[in-house]
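Read the structure below first, then the notes.
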Amino acid sequence: MFRYKIDVFQELKKHGFNHTRIQREKLLPAQTVQNIKAGKSITLETLNKICIMCKLQPGDIIEVIPTSEEIIKYY
């Protein structure tokens, strides 16, 4: 499980990528935009794009939070 550490769209906007530009230039698929808004998972490819667009590292954007089951299984 993970959570977003930042408001992804606010960060994209700071770097000149508003919703209109993202849609017009097809930088991110509409479903991906909806997933981010809903706090759902994204692909590593999408995370990579966002990192490049915002000049950030993955750890600046998301934080991994293990579930109770994952803690029992992997720790």
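Quick caveat: nothing in here was measured; it's all calculated off a predicted structure.
Distance check: Glu45 CD to Leu28 CG gives 10.0 Å after rounding to the nearest 0.5 Å. Distance check: Ser68 OG to Met1 CE gives 10.0 Å after rounding to the nearest 0.5 Å. For the atom pair Ser41 OG and Leu47 CG, the distance stands at 11.5 Å (nearest 0.5 Å).
With contacts defined as side-chain heavy-atom distances shorter than 4.5 Å, the pair Ile6/Asp60 does not qualify. Between Leu12 and Met53, the closest side-chain pair of non-hydrogen atoms falls below 4.5 Å.
Applying the ring-ring contact (aromatic ring centres under 6.0 Å, His included) rule to pairs touching residues 23-75 yields nothing, sequence neighbours excluded. Sorted by first and then second residue, the pairs that involve residues 24-33 and meet side chain to side chain donor-acceptor pair (under 3.5 Å), not counting sequence neighbours, are Arg21-Glu25, Gln31-Asn35. Residue pairs meeting the ring-ring contact (aromatic ring centres under 6.0 Å, His included) criterion with at least one member in residues 5-37, sequence neighbours excluded: Phe9-His19. A ring-ring contact (aromatic ring centres under 6.0 Å, His included) check over residues 39-71, counting only residues at least two apart or in different chains, returns nothing. For the side chain to side chain donor-acceptor pair (under 3.5 Å) condition, the pairs that include at least one residue of residues 46-59, sequence neighbours left out, are Thr43-Thr46.
Nearest heavy-atom pair, Cys51 versus Pro58, reported as atom, atom and distance to 0.1 Å: SG-N, 3.5 Å.
Listed by chain and residue number, Thr67 satisfy the side-chain hydrogen bond (donor to acceptor under 3.5 Å, both in side chains) test with Glu70 (two or more places apart in sequence, or in another chain). Every residue two or more places apart in sequence or in another chain was checked for a side chain to side chain contact (heavy atoms under 4.5 Å, CB included) with Gln23, and none qualifies. With sequence neighbours left out, the side-chain hydrogen bond (donor to acceptor under 3.5 Å, both in side chains) criterion links Lys14 to Glu11. When the side chain to side chain contact (heavy atoms under 4.5 Å, CB included) test is applied to Ile72, no partner is found at least two apart in sequence or on another chain.
The main-chain N or O of Lys37 is never found under 3.5 Å from a side-chain atom of Tyr4 such that the two would form a donor-acceptor pair.
Around CD1 of Ile65, the count of heavy atoms belonging to other residues, nucleotides or ligands within 6.0 Å exceeds 12.
Note on Glu63 versus Arg3: salt bridge recorded, some NZ/NE/NH1/NH2 to OD/OE distance being below 4.0 Å.
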